[in-house]
Engineer: 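Sending over a structure as structure tokens; questions will come in a sec.
Only a predicted model underlies this, so the values are computations on that prediction, with no experimental measurement involved. Only this structure's heavy atoms are used, side chains among them; waters, hydrogens and symmetry mates stay out. So you know, we letter chains A, B, ... as the sequences are listed, proteins then strands, and number each from 1.
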Amino acid sequence: MAQQLWRADSQHPQDAGRRMTTPHLSKSLLNNYRQCPRRLWLEMQDRAARKKGLAPVAQAVYSADTTKRFLDGHVIGRIAQACWSEGVDIEKASWITDEDTGQRQRDLNYATHLTYQWMQDQRRPLFEATFQHQNLLVMADVMVPRRHGHRVYWQMIEVKSSTTPKDYHITDLATQAWVAEQSGVDLDSVALLLVNKGFELHTAGDYTGLLGLHDDPDLQAQVRQAQQQMPTTLRGAAQTLALRQEPRKHQPGDQCTSPFECPYIGHCTEKTTGQTTGKTAKQTTPQPVPIRFYNDRGGAKAQTLIDAGHTDLRQVPPATIARLWNGSTDTHGVNQRLAQAVRTGRVVMDRAGAQAALQTLSWPVQHLDFETISFIAPVWPGTQSGQHIPFQYSLHRQAQSGQVLGHAEFLDTTGQDPRRALAEQLVKDIDPRCTVLAWNDSFERAVIRDLAEQFAELRKPLMRIHDQVQDLLPIVRRHYFHPNMAQAEGSTFSIKTVLPCMAAHLQYSQLGTVQNGGEAQLAYLLAAAPPGAEKEPGQTITPAERQQARKDLLAYCGLDTEAMVEIVKSLK
DNA sequence: TATGTCCCGGGATAACTATA
DNA sequence: TATAGTTATCCCGGGACATA
């Protein structure tokens, strides 16, 4: 006998709109809890405040990187749905118009009801099928009916804009399958629909082969295993929600960025460091300098010092520091310089060594920086998913004296494949006699290699440029350390960390909306969007916005190479 | 002679550093 | 998300030395 679709104790969807209480938790909220209870708590406070039209308790801010990832996810979601032409989009059908206010809004109880109805039909795949159990609501990306003899089972498919399966994919599937099964759905399997690495677009708009189904037995077992945690997780989340006070005992840590960036990082770090942040603390308040090293995997070296009772990096004797790295210096002596810089509060610089390194370059040098865009679903024929496609570069020419001899730049925001024009211009702009300097050159070299592979007739000059490229970063790393770099928020040797130490008059924070690579990608998408494109529903991108995005892009990329100019100057 | 301990170097690997 | 490069760490074998 076929198992009934809905359990007796679950509320009958017939009167869903009336009797069902709105669930308190969704899959993503549960994920927030898994990542950090404090995040869940803040998110719920935020929602409650928004509902009442009040100011949020904490300001949630998503970085450009995360925003871009969300965009990618939406695109992949749409492409996935196109794989099932018969599919019914529950989400789309669940928007109703409020008779009083005339506003359109989504009715999740209605979505649950629709899901129930279509599942009884047993023939068509469902998108965003909505299930509720207890106070938890989930939406499954795709549900596919599969007939075994007389019975119909369902395969639950989770679509991810990722090329490899991740742990959190398993927990996602576990949560959704658990809720669906608790509400009586017969699942025969779960699956992930992932992006096939290396997919190349041949015909514009044809994404056949972009996505691949993963439903091996190992996945089934992992999801089953993860489901066992569900009751515990739900109980924990409920306890967190019942708290009246923010659970501050959850202090910032690795969980703030892994597996996802938390939008409340700003809120939590502000609260914990209080008024004495690193920026404002001067000699007046001798706060202990936390023990941290460069490239110290998992903080192992730092931990040995902490275990030995050290609390302030400035108080650790140099010999003790040296002993950490087998009694000598670490590979390039970076951490000896780091410790010395922190101890003395002064810059450590091996000027002679830096000069010797710079001496080996072919002057004048040209500082090169690319901005690239990548699409998980490639838009231009001949490009692959995830490929970094350059749309902009900046090139500063600098004499050995330090003097700037010229600046060239390129920016294509036509929305067409920018590679050809960029490659041709680059070949014209690069002087074959000069060293080309990049910051972390592997990236620029890979981009140039790609271009050389793409355009056979430009291969020779492009590969010549490729061979001209050298890296400025290791020269700095081996000969320079500024005390501020030891406590930098970002990477120790990121150009955005190093620049303000070497040339205080140049600041990324003075730039407009584009202050890092992720923001550059978003600005590009804005500037190069097709005519009539909308930023938000109902908000067409204006020519002024496009112009501003272009301006910000030029300023940002230009500052990256100008930074390199200044860095070379201060090494001399 | 057999066995155990320590250290060192080399190779593989995982994790981290950068970039967008 | 991805890639390329770097580096800490693990593991292993070999050599030196001590001990049974």
Engineer: Contact class for A/S161 vs. all strands (heavy atom < 4.0 Å): base, sugar-phosphate, or nothing?
Structural biologist: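 Sugar-phosphate contact only.
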Engineer: With a distance cut-off below 6.0 Å to the six-membered ring centre and an angular limit of 45° from the axis, does A/K301 pair with A/F293 as a cation-pi contact?
Structural biologist: no
Engineer: Does the separation of the ring centres of A/W439 and A/F493 fall below 6.0 angstrom?
Structural biologist: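 Aromatic pair excluded; centres sit 6.0 Å or further apart.
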Engineer: For the side chain to side chain contact (heavy atoms under 4.5 Å, CB included) test, which of A/V142, A/V195, A/L192, A/L194 pairs with A/V159?
Structural biologist: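 Exactly one option meets the side chain to side chain contact (heavy atoms under 4.5 Å, CB included) with A/V159, and it is A/V142.
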Engineer: Would you confirm whether the ring centroid of A/H388 sits within less than 6.0 angstrom of the ring centroid of A/F443?
Structural biologist: yes
Engineer: Looking at A/R337 and A/Y480, what are the two nearest heavy atoms and their distance?
Structural biologist: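 Smallest heavy-atom distance, with atoms named: NE-N, 4.1 Å.
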Engineer: Using a 4.0 Å heavy-atom cut-off to protein, can you give one letter per nucleotide of nucleotides 14-20 of chain B, 5' to 3': B if the base is in contact, S if only the sugar-phosphate is, - if neither?
Structural biologist: BBBSBBB
